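Bear in mind that the values here come from a model prediction, so they are computed numbers and not experimental data.
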Amino acid sequence: MDRCRQQFESLDLRKEKGYLFKFTTFSASVQNILPEIPIEKHEDLFQKLLLQQVYTSFDQQFLTANDLIQTKGPIRKLVNSRQPNIYCTFHLGSYRLLTTYLYRNGIDVALLVSRGTYQEQGKDIWATIKGLQKKHNLTNSFQILDAEQTSSTLQVIRELRAGTSLVIFLDGVTSTTGVNRQEDKEIQVRFGAQQVWARKGVGFLSYLTKTPIVPVIGYRERNLNNVLSFLDPIVPEADCDRETYCRLSLQHLYDTFWEYLTRYPDQWEGWNYIHKFLDQHELEQQADSNKSQRQHPRKRVAFNQERYSICDLEDAPILFDRRLYVTYEISTDLRDFLLQVGTIEAPEEVLGTEMYLDLLSKQIIA
């Protein structure tokens with residue numbers, strides 16, 4: 001671990017390709033969801049997250065990492081019962097260890113992932129599983145299921161009824177969010193300062209098969225020890241209808257995660273893609289609301305750094321809207337103007353009235 005950290009700290013991250021754009025997206029998400037964290041602390045958080053990702057990859061490569069995990073909560077009871085559960089987690093800490101920990105403890109496991117994860121990480125996950133099988137003579141079953149296959153729901157139901165436990169990363173399947181969202185399969189839940197779209201599938205599977213949902217949150221302590229915190233199971237109540245159960249169980253899962261996220265914000269990969277779960281229409285409404293609350297522009301306008309960032313994407317300057325996650329390609333002349341506008345005596349004369357008013361209306365200058 002020390003060698004990983006030393007190699008990481010020797011890098012000049014700002015010179016890495018795409019660094020500034022990735023950081024800007026990360027920073028926008030922290031600002032929109034956890035605005036209590038000052039913007040000036042965002043880059044330190046981002047660099048700590050990059051180091052955490054190095055640690056996570058390191059953990060996956062070494063089978064002994066599973067033997068060093070500290071666990072909290074009713075894990076022995078869960079393992080010894082041999083009853084299937086739906087283990088729900090998030091990409092926090094060394095998140096990959098949950099699947100291998102459960103498998104290492106003799107549980108039949110089905111890992112439900114997005115197609116992209118299946119294609120990019122499937123071989124590595126299987127290599128780890130086969131290494132555990134060989135090292136510990138394990139004979140319990142393991143499989144990876146593609147959440148985007150139309151038959152996946154029926155397959156999962158069969159596996160749960162056959163006694164196989166399911167592992168789901170709630171913040172990992174983004175294929176049906178955003179523009180392609182299917183309203184009948186998703187609901188909005190409260191998440192910090194925003195509402196996010198979440199798939200109802202977890203609650204649906206639990207309700208239909210009467211399988212408990214077990215929230216599990218992984219995180220890394222300051223001494224670098226990995227912890228898996230198993231929380232009390234969520235069980236369908238007899239007097240609760242399916243839609244209500246789906247909504248309440250999902251909100252409970254996100255509320256539980258929020259408690260840990262606010263303690264370990266530098267360990268969550270989701271900052272890099274949580275914008276895919278946000279509702280674009282609501283973001284636009286919030287931006288319009290902020291616009292109406294702003295006072296008239298000052299005599300000396302400035303570039304609105306709270307709302308926008310300037311960075312290069314493939315060597316071309318772009319303007320990044322931190323509220324709406326929209327990028328605009330701009331000229332080098334406009335970039336230079338925006339960076340210096342606070343020092344220009346008559347910016348409207350320099351730009352022309354039409355362009356000047358357009359920048360004001362979009363809150364690019366204020």
Side-chain angles (χ1 to χ4, degrees), residues 1-2 4-57 90-95 171 190-196 217-227 254-278 283 286-287 290 293-294 302-313 318-327 338-339 342 363-364 366:
M1 285 292 191
D2 284 339
C4 286
R5 182 178 51 77
Q6 290 168 5
Q7 289 181 341
F8 179 83
E9 290 175 348
S10 69
L11 298 173
D12 185 349
L13 293 174
R14 283 176 164 265
K15 291 183 178 178
E16 296 292 313
K17 187 174 182 180
Y19 170 85
L20 187 55
F21 185 72
K22 290 175 184 175
F23 163 65
T24 302
T25 305
F26 166 92
S27 175
S29 292
V30 176
Q31 182 182 7
N32 288 330
I33 292 168
L34 192 53
E36 294 88 339
I37 298 180
I39 290 178
E40 55 268 22
K41 293 186 177 181
H42 287 186
E43 189 160 20
D44 180 57
L45 274 182
F46 182 60
Q47 295 191 1
K48 285 179 178 177
L49 173 60
L50 295 177
L51 178 58
Q52 289 294 329
Q53 290 176 317
V54 173
Y55 288 157
T56 298
S57 297
F90 296 80
H91 288 84
L92 186 76
S94 195
Y95 54 85
D171 57 345
R190 183 182 60 258
F191 187 56
Q194 297 290 338
Q195 297 275 326
V196 296
I217 310 295
Y219 57 93
R220 195 187 303 276
E221 295 181 322
R222 288 188 178 180
N223 61 7
L224 300 185
N225 284 347
N226 288 308
V227 179
Y254 271 85
D255 287 347
T256 299
F257 174 55
W258 184 255
E259 294 176 21
Y260 288 84
L261 177 61
T262 51
R263 287 159 55 192
Y264 306 101
D266 57 334
Q267 296 186 26
W268 186 44
E269 278 191 8
W271 293 122
N272 297 324
Y273 52 79
I274 189 61
H275 57 281
K276 297 177 182 178
F277 294 79
L278 300 176
L283 290 176
Q286 290 170 8
N290 290 338
Q293 291 172 13
R294 292 186 75 89
F303 174 56
N304 185 0
Q305 297 184 59
E306 185 180 331
R307 170 77 185 266
Y308 291 91
S309 294
I310 296 173
C311 49
D312 291 333
L313 186 63
I318 63 164
L319 192 64
F320 183 89
D321 186 336
R322 301 168 63 88
R323 289 283 184 269
L324 304 182
Y325 299 90
V326 175
T327 59
L338 291 173
L339 292 175
Q363 295 181 269
I364 296 171

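Ring planes of Y273 and F277: tilted class, angle from 30 to 60°.
With hydrogens and angles ignored, the 3.5 Å screen pairs no side-chain donor or acceptor of D321 with any backbone N or O of T327.
Counting heavy atoms from C-beta on, the side chains of L283 and L278 come closer than 4.5 Å. Within the 4.5 Å cutoff, the side chain of I217 has heavy atoms near those of the L92 side chain. For the pair E306 and R322, the minimum side-chain heavy-atom distance is 4.5 Å or more. Counting heavy atoms from C-beta on, the side chains of I364 and L338 come closer than 4.5 Å. The shortest distance between side-chain heavy atoms of Q47 and F23 does not fall below 4.5 Å. I310 places a side-chain heavy atom less than 4.5 Å from the side chain of L339. Side-chain contact between Y264 and K48 is absent, with no heavy atoms from C-beta onward closer than 4.5 Å. Residues V196 and I274 have side chains in contact (heavy-atom distance under 4.5 Å, counting atoms from C-beta outward).
Around the CD atom of E221, the shell of radius 6.0 Å holds more than 12 heavy atoms that belong to other residues, nucleotides or ligands.
For the residue pair N226/Y219, the side-chain donor-acceptor check at 3.5 Å is not satisfied. A donor-acceptor contact under 3.5 angstrom links the side chains of Y325 and S29, judged on distance only.
Checked against the 6.0 Å centroid criterion, the rings of Y260 and F90 do not qualify as a close aromatic pair. Taking the centre of each ring, F46 and W268 stay at or above the 6.0 Å mark.
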From CA spacing to verdict: side chain to side chain contact (heavy atoms under 4.5 Å, CB included), R190, D255
CA-CA 8 Å; R190 183 182 60 258; D255 287 347; 3.2 Å; yes

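In this structure Y308 satisfies the side-chain hydrogen bond (donor to acceptor under 3.5 Å, both in side chains) test with no other residue, sequence neighbours excluded. Every residue was checked against the salt bridge (Lys or Arg N to Asp or Glu O under 4.0 Å) condition with R263, not counting sequence neighbours, and none meets it. For Q52, the side-chain contact (heavy atoms from CB on, under 4.5 Å) partners at least two apart in sequence or on another chain are Y55, R220, Q267. With sequence neighbours left out, the side-chain contact (heavy atoms from CB on, under 4.5 Å) criterion links I37 to V30, L34, K41, H42, L45, P265. Under the ring-ring contact (aromatic ring centres under 6.0 Å, His included) criterion, F320 pairs with F21, not counting sequence neighbours. With sequence neighbours excluded, no residue satisfies ring-ring contact (aromatic ring centres under 6.0 Å, His included) with F303.
If you take CZ on R307 and CG on L319, they are separated by 9.5 Å, rounding to the nearest 0.5 Å. Within the model, atoms CG of N272 and NE2 of H91 stand 11.0 Å from one another, a figure rounded to the nearest 0.5 Å. Atom CG of residue L261 and atom OH of residue Y254 lie 11.5 Å apart, to the nearest 0.5 angstrom. To the nearest 0.5 Å, atoms CG (N32) and OG (S27) are separated by 9.0 Å. Interatomic distance, T25 OG1 to L20 CG, rounded to the nearest 0.5 Å: 9.5 Å. Separation of atoms CD (E269) and CG (D171) is listed at 9.0 Å; rounding is to 0.5 Å.
When all heavy atoms of W258 and I33 are compared, the closest pair comes out as CH2-O, 3.6 Å. Smallest separation of non-hydrogen atoms from C311 and T24: SG-OG1, 4.1 Å.
With R323 as reference, Q31 is the one residue of Q363, Q286, Q31 to meet the side-chain contact (heavy atoms from CB on, under 4.5 Å) rule.
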